[in-house]
Amino acid sequence: MGNAGSFFMNPIVDRDVYERLAAKYVGMPHYVVDNEHIKIPAGWMIEQCGWKGKSLGHAGVHDKQALVLVNRGGATGSDVVALYQQIIKDVKEKFDIEIHPEVNVI
């Protein structure tokens with residue numbers, strides 16, 4: 001399947017944001033950046049929003065790696081944009097964290 005590899009950057013949040021979420025999502029994966037910042041895997045958040053393996057039109061999220069957006073056949077650039085914008089919206093609504101594309105969108 002056509003894809004651009006890892007599509008989203010893993011967000012780095014303030015420790016208090018992480019602690020609030022960790023209390024709600026026990027076992028949430030994370031990586032300590034420094035004493036005040038924690039990196040949360042975007043793929044995990046996308047998966048928690050129910051996107052892993054799902055599609056919007058002909059563009060979808062890989063069924064084994066939620067960071068990878070795929071072309072299921074015939075997807076247009078507009079299809080990919082609609083998908084990634086919906087994922088960003090859903091992650092923001094669920095976690096109050098805004099994720100950003102890692103790829104260059106032209």
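All values derive from a computational prediction rather than experimental measurement.
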List the atom pairs, with distances to 0.1 Å, where a side-chain N or O of residues 8-24 and a protein N or O form a donor-acceptor pair under 3.5 Å, not counting sequence neighbours.
{"residue": "Asn10", "atom": "OD1", "partner": "Ala42", "partner atom": "N", "Å": "2.8"}
{"residue": "Arg15", "atom": "NE", "partner": "Asn35", "partner atom": "O", "Å": "2.8"}
{"residue": "Tyr18", "atom": "OH", "partner": "His30", "partner atom": "ND1", "Å": "3.1"}
{"residue": "Tyr18", "atom": "OH", "partner": "His30", "partner atom": "NE2", "Å": "3.3"}

Below 3.5 Å, can you tabulate the donor-acceptor pairs from side chains in residues 98-105 to any protein atom, sequence neighbours excluded?
{"residue": "Glu102", "atom": "OE1", "partner": "Ser6", "partner atom": "OG", "Å": "3.1"}

For residues 45-57, run the donor-acceptor check on the side chains, cut-off 3.5 Å, and write out each pair with its distance to 0.1 Å, sequence neighbours left out.
{"residue": "Trp51", "atom": "NE1", "partner": "Asp90", "partner atom": "OD2", "Å": "2.8"}
{"residue": "Ser55", "atom": "OG", "partner": "Arg72", "partner atom": "NE", "Å": "2.5"}

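A single hydrophobic cluster is not seen to contain both Val68 and Ile87; linkage of ILVMFWY side chains at heavy-atom distances under 4.5 Å, directly or through other members, places them apart. Residues Leu67 and Leu69 are members of one and the same hydrophobic cluster, defined by side-chain heavy-atom contacts under 4.5 angstrom among Ile, Leu, Val, Met, Phe, Trp and Tyr. In this structure, Tyr31 is not a member of the same hydrophobic cluster as Ile40, with clusters built from ILVMFWY side-chain heavy atoms closer than 4.5 Å. Transitive grouping of hydrophobic side chains (ILVMFWY, heavy atoms separated by less than 4.5 Å) brings Met28 and Val32 into a common cluster.
Between Tyr25 and Trp44, the ring planes lie perpendicular to each other; the angle is over 60°, past the 30° to 60° tilted range.
Every residue meeting the side chain to side chain donor-acceptor pair (under 3.5 Å) condition with Asp34, not counting sequence neighbours, appears here in chain and number order: His37. Taking the side chain to side chain donor-acceptor pair (under 3.5 Å) definition, one finds that Asp63 meets it with nothing, sequence neighbours left out.
Residues in residues 61-93 take part in these ring-ring contact (aromatic ring centres under 6.0 Å, His included) pairs, two or more places apart or across chains: Phe7-Tyr84.
Between the side chain of Asp79 and the main chain of Ala82, no donor-acceptor pair closer than 3.5 Å is present. Judged by distance alone, with hydrogens and angles left aside, the side-chain atoms of His58 form a donor-acceptor pair with the main-chain N or O of Gly73 at under 3.5 Å.
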